[in-house]
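Reviewing the structure listed below.
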Number of protein chains: 2
Amino acid sequence: MNNTPRDGGIEAVFSQLREISRRSNARSRIIDHPLTFVEHSLLRFIATTEGARATDIATAFSLNRSTVSRQINTLIRLELVQYQDSENSAESPTHGPSGRGKILALTERGHSQLASSTAAHQNVVQERLTGWTDAEITSFAAALARYNAAE
Amino acid sequence: MNNTPRDGGIEAVFSQLREISRRSNARSRIIDHPLTFVEHSLLRFIATTEGARATDIATAFSLNRSTVSRQINTLIRLELVQYQDSENSAESPTHGPSGRGKILALTERGHSQLASSTAAHQNVVQERLTGWTDAEITSFAAALARYNAAE
DNA sequence: GCCTAATGTTGCATTATGCAACATTGAGTG
DNA sequence: CACTCAATGTTGCATAATGCAACATTAGGC
């Protein structure tokens, strides 16, 4: 590493991603309104993942299923999340039969809180992007998406 | 939000950064060789921060000083880190007088392990960047750096 | 030299997590 | 349909990580 300009670029990308992680994790210890980092992450996953189940969350976040079970029960207690009724999922026009596992869904309050939390976080991103042109932002988003799309 | 193309771009950036966080945190629960995520993060901070002290780490990572104190003692026990002697820091050509707080430094073993861990992580980044041109990588790194440079 | 603030440590309680065992449920097969 | 097995989710328990508070030590300023 560090032998070619390409290596230098890779090193710089790694370094910057590390900085993004550091800042994100530092922020996660501070922010708890309207949602904690974990709450937000889980709600977001459920909102964006068709037929999300506890085991999907455990896989996506490399967490033990027991941890996820408890986290979900916390969200249920907070009335942010509910299990879909099997009748609902069978009749839902956009959901197939429920299959294995209990499907999670956001409550109305869950949607609302997630939207509120997302807006707050996006404001921070917006401020960091002050001075960027629209094209630069679009290009940056595309590069990030391309990077994330890789397996 | 979501009213203009700029808003859409900001939302996309946020979404992608969120994905980077999720993946990073998921990996952090799995990887522990040669260093855990925390070990790597702390070593990296000490290696890249002139005159790094425990309180600097606590601030940078939004951790309580007691947590950092214990983390550092773990690193010391693992012979990855040591406190600089006050004589060393006074005589060091690149360090000013030590001032408040104990300055941290990597041991030889710490440097070696950090390099090894960094190489492993950068390999992962390299694979994710497969198919990118050198210029694309450089541009991506620059955009990330620009994003991170904002306050 | 004295005082105060900054820094780092330690005890204790709390929180989050993983492992293991288990119960429940869904899928597949005959 | 019955049976078997795997997948899924829950619960008990132990462990790890963290924050708060109190305190000791050290450095800086007057």
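The chains referred to below are lettered A, B, ... by the order of the sequence lines, with proteins before strands, and numbering in each begins at 1. Because the structure is predicted, anything quoted here is derived from the model rather than measured.
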A:Leu75 CG to D:dT10 P, in whole Å, measures 12 Å

Whole-Å distance between D:dA7 C1' and A:Asp56 CG? 12 Å

Does C:dT9 have OP1 or OP2 under 4.0 Å away from a side-chain N or O of B:Lys102? yes

Return the set of residues passing side chain to side chain donor-acceptor pair (under 3.5 Å) with A:Ser24 (not counting sequence neighbours), or none when no residue passes. B:Ser21

I need the CG-P distance between B:Asn25 and C:dG18, as an integer number of Å. 12 Å

Listed by chain and number, what are the side chain to side chain contact (heavy atoms under 4.5 Å, CB included) partners of B:Asn64, not counting sequence neighbours? B:Ser66, B:Thr67

Does one side chain, of A:Thr4 or A:Asp7, offer a donor that lies under 3.5 Å from an acceptor on the other? yes

Under-4.0 Å side-chain N/O to phosphate OP1/OP2 contact, B:Tyr83 with D:dT26: no

Considering only residues two or more places apart or on different chains, which pairs with a residue in residues 135-149 of chain A satisfy side chain to side chain donor-acceptor pair (under 3.5 Å)? A:Thr133-A:Glu136, A:Glu136-B:Arg146, A:Arg146-B:Glu136, A:Asn148-B:Gln16, A:Asn148-B:Arg23

Counting just side-chain N and O atoms, does A:Arg100 come under 4.0 Å of either OP1 or OP2 of D:dT8? no

The helix from C:dG1-D:dC30 to C:dG30-D:dC1: angle between end helix axes, five pairs per end, rounded to 10 degrees: 40°

Provide, to the nearest angstrom, the distance between the CD1 atom belonging to A:Ile57 and the P atom belonging to C:dG18. 14 Å

Using 0.5 Å steps for rounding, measure from the OG atom of B:Ser116 to the NE2 atom of B:His33. 6.5 Å

Partners passing ring-ring contact (aromatic ring centres under 6.0 Å, His included) against A:Phe37 (at least two apart in sequence or in another chain): none

Just jot down the salt bridge (Lys or Arg N to Asp or Glu O under 4.0 Å) partners of A:Arg128, sequence neighbours excluded, or say none. none

Using a 4.5 Å side-chain heavy-atom cut-off and chaining through intermediate ILVMFWY residues, the residues clustered with A:Val81 come out as A:Leu35, A:Val38, A:Leu42, A:Leu43, A:Phe45, A:Ile46, A:Ile57, A:Phe61, A:Leu63, A:Val68, A:Ile72, A:Leu75, A:Ile76, A:Leu78, A:Leu80, A:Tyr83, A:Leu104, A:Leu106, A:Leu114

Distance, rounded to the nearest Å, where B:Ile103 contributes CD1 and D:dA27 contributes C1': 12 Å

Who pairs with A:Ala143 by side chain to side chain contact (heavy atoms under 4.5 Å, CB included), at least two apart in sequence or on another chain? B:Trp132, B:Phe140

In B/S/- notation (B base, S sugar-phosphate only, - none; protein heavy atoms under 4.0 Å), nucleotides 11-22 of chain D written 5' to 3' is BBB----BBBB-

Rounded interatomic separation in angstrom, taking CZ from B:Arg53 and P from D:dT26: 16 Å

